[in-house]
There are 2 protein chains.
Amino acid sequence: MAVNRRQDILNAATQSFSLFGYKATTMDQVAKLASVGKGTIYTFFANKEELFNEIITKLIADMQQKATGVIVPGEKFQDNVHHALVEMLDFRRDHQLMIKLIQEQRDIGTPIVNNVLDKVEESILTFIRDKIEIAIQRGEIKKCDPDIFAYIILVTYISLIFDWEKSREPLSKEEIAEIFQTYIFNGLSLR
Amino acid sequence: MAVNRRQDILNAATQSFSLFGYKATTMDQVAKLASVGKGTIYTFFANKEELFNEIITKLIADMQQKATGVIVPGEKFQDNVHHALVEMLDFRRDHQLMIKLIQEQRDIGTPIVNNVLDKVEESILTFIRDKIEIAIQRGEIKKCDPDIFAYIILVTYISLIFDWEKSREPLSKEEIAEIFQTYIFNGLSLR
DNA sequence: AACTGACCAAATGGCCACTTTGGTCACTCA
DNA sequence: TGAGTGACCAAAGTGGCCATTTGGTCAGTT
């Protein structure tokens with residue numbers, strides 16, 4: 001033991017954040033879980049927020065990787081974006097830490113958690129924007145403002161996946177893909 | 001005086017709700033403003049919530065009327081929907097009572113206020129859905145699910161008008177109309 | 001030199017007396 | 001005599017106080 005204390009701390013913190021959220025995780029708790037004196041944490045991380053940020057950076061990287069993993073180079077832009085978005089939103093919905101943070105944002109509104117979730121959204125937007133830019137360059141879709149288009153795509157996906165079902169029958173992934181094809185992509189495809 | 005006590009009460013309550021919100025308006029307050037004994041309110045309205053509901057029903061009717069007012073029978077479906085939506089969202093943004101209620105939902109989350117704002121959203125959705133159904137019947141746009149399409153339109157408008165500018169340059173009404181034309185309606189128009 | 005945990009100021013949470021509020025109803029008086 | 005009233009009530013909400021907890025430090029140990 002005692003070789004990778006830094007990683008031990010990260011693991012312990014991830015576990016605790018996932019289980020209790022940001023606010024309800026105490027540095028004592030993390031220290032105990034990592035079998036480390038509390039002071040040791042502060043030799044690796046300036047404060048609780050930085051420890052948290054490092055974990056989130058890793059989480060975003062994981063998410064991006066998963067999304068990249070379902071991109072098939074030859075396939076249609078629409079299908080690739082759909083798969084990547086479903087992958088990222090599934091991640092957001094199923095990942096234990098993510099779930100806790102979204103709960104915490106809703107119930108308490110911890111500012112640091114808000115920031116972090118904004119960062120996650122921003123990273124999804126960037127991902128889609130890149131795909132849009134590539135698709136435009138390749139002539140797969142009409143020229144358009146990638147920022148706005150990425151924003152519209154994300155907002156629509158989120159509302160269809162998370163908000164629609166608050167008062168209606170949930171939609172399957174296939175239905176969502178079809179809806180998207182019909183309502184949005186049609187207008188941008190070259191024919 | 002003393003001929004239209006019911007209306008006096010409604011006026012007083014509207015004034016107070018607009019000024020202080022639902023929670024911070026007391027029945028004593030309303031009674032005093034209406035120059036009426038508190039008990040009298042309860043001969044016309046079962047309770048505070050019903051008094052509130054009656055006011056909101058009126059407000060929704062006003063909003064619908066404004067929206068209907070900008071509909072020009074001969075004009076294109078897209079333009080009519082755009083004008084009606086901008087009208088309703090402007091109403092939502094500028095109407096004193098509406099402003100207070102949205103604030104209250106955000107800051108306190110009074111359940112009754114949440115319900116009422118859901119009702120407002122529902123009424124906007126119904127309005128758009130009707131226009132879509134008519135447009136389909138007339139062959140102005142492709143066949144599609146009016147519920148889903150209305151939902152997508154509303155969500156996109158709201159996010160472009162209210163959320164987009166939280167971290168970016170706000171968009172003008174003309175820009176929004178154009179964005180909508182480009183990204184969404186294009187796919188549904190017959191050609 | 002790496003690590004620890006007792007220690008500290010500041011923030012938080014629990015408790016409880018006190019106030020406010022929606023709603024009632026015995027009474028007034030036109 | 002019935003429409004109108006406002007003192008009254010239970011219940012919910014508020015505020016202030018004090019004990020506890022928490023992020024962060026640092027003198028001391030290994």
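Letters go in sequence order (proteins before strands), and every chain restarts at 1.
Rounded to an integer number of Å, the gap from I9(A) CD1 to dA2(C) C1' is 12 Å. Distance N4(B) CG to dG4(D) P: 12 Å, rounded to the nearest Å. As a whole-Å value, the separation of I41(A) CD1 from dC26(D) C1' is 16 Å.
Residues forming a salt bridge (Lys or Arg N to Asp or Glu O under 4.0 Å) with D130(B) (at least two apart in sequence, or on another chain): none. With sequence neighbours excluded, the residues that form a salt bridge (Lys or Arg N to Asp or Glu O under 4.0 Å) with R129(B) are D147(B).
Applying the salt bridge (Lys or Arg N to Asp or Glu O under 4.0 Å) test to pairs two or more places apart or on separate chains, those with a residue in residues 38-65 of chain A are R6(A)-E54(A), D28(A)-K38(A), K58(A)-D62(A). Within the structure, the ring pair (Phe, Tyr, Trp, His ring centres under 6.0 Å) test picks out the following pairs touching residues 62-81 of chain A (sequence neighbours left out): F77(A)-F185(A). For residues 14-27 of chain A, no residue pair satisfies the salt bridge (Lys or Arg N to Asp or Glu O under 4.0 Å) rule, not counting sequence neighbours. A salt bridge (Lys or Arg N to Asp or Glu O under 4.0 Å) check over residues 76-87 of chain A, counting only residues at least two apart or in different chains, returns nothing. Residue pairs meeting the ring pair (Phe, Tyr, Trp, His ring centres under 6.0 Å) criterion with at least one partner in residues 92-131 of chain B, sequence neighbours excluded, are F91(B)-H95(B).
Taking only side-chain nitrogens and oxygens, R6(A) never comes nearer than 4.0 Å to OP1 or OP2 of dA2(C). Contact annotation: R5(A) does not reach the phosphate of dA2(C) (side-chain N/O to OP1 or OP2, under 4.0 Å).
For the pair I124(A)/M63(A), a side-chain contact is recorded, criterion being any heavy-atom separation below 4.5 Å from C-beta on. For the pair Q78(A) and Q181(A), the minimum side-chain heavy-atom distance is below 4.5 Å. Taking the side chain as every heavy atom from C-beta outward, V86(B) and V70(B) never approach each other to under 4.5 Å.
Between L97(A) and I56(A), the shortest heavy-atom contact is CD2-CD1, 4.4 Å.
Checked by atom type and distance alone, the side chain of S159(A) never pairs as donor or acceptor with a backbone atom of V155(B) at under 3.5 Å. In this structure a side-chain-to-backbone donor-acceptor pair under 3.5 Å is present from E175(A) to S172(A). Counting only distance, with no hydrogens or angles, the side chain of E104(A) and the backbone of Y22(A) share a donor-acceptor pair below 3.5 Å.
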| said: For D90(B) and K173(B): C-alpha separation, side-chain torsions, deciding distance, then whether salt bridge (Lys or Arg N to Asp or Glu O under 4.0 Å) applies. | reply: CA-CA 11 Å; D90(B) 277 358; K173(B) 290 192 204 333; 3.5 Å; yes
N/O-N/O pairs, protein side and nucleotides 28-30 of chain D side, under 3.5 Å:
none

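Side chains of Q7(A) and N11(A): a donor-acceptor N/O pair is present below 3.5 angstrom, by distance only.
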For nucleotides 25-30 of chain C, 5' to 3', base contacts (B), sugar-phosphate-only contacts (S) and non-contacts (-) with protein non-hydrogen atoms under 4.0 Å give ------
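Side-chain proximity of K38(B) to dT4(C), dT24(C), dA6(C): nearest is dT24(C).
Annotation: proximity of residues 22-33 of chain B to DNA chain D (heavy atom, distance under 4.0 Å) is found for K23(B), numbered in ascending order. Near DNA chain C, defined here as any heavy-atom distance below 4.0 Å, there are no residues from residues 98-109 of chain B. Across residues 44-52 of chain B, N47(B), K48(B) each have a non-hydrogen atom less than 4.0 Å from an atom of DNA chain C (numbered order).
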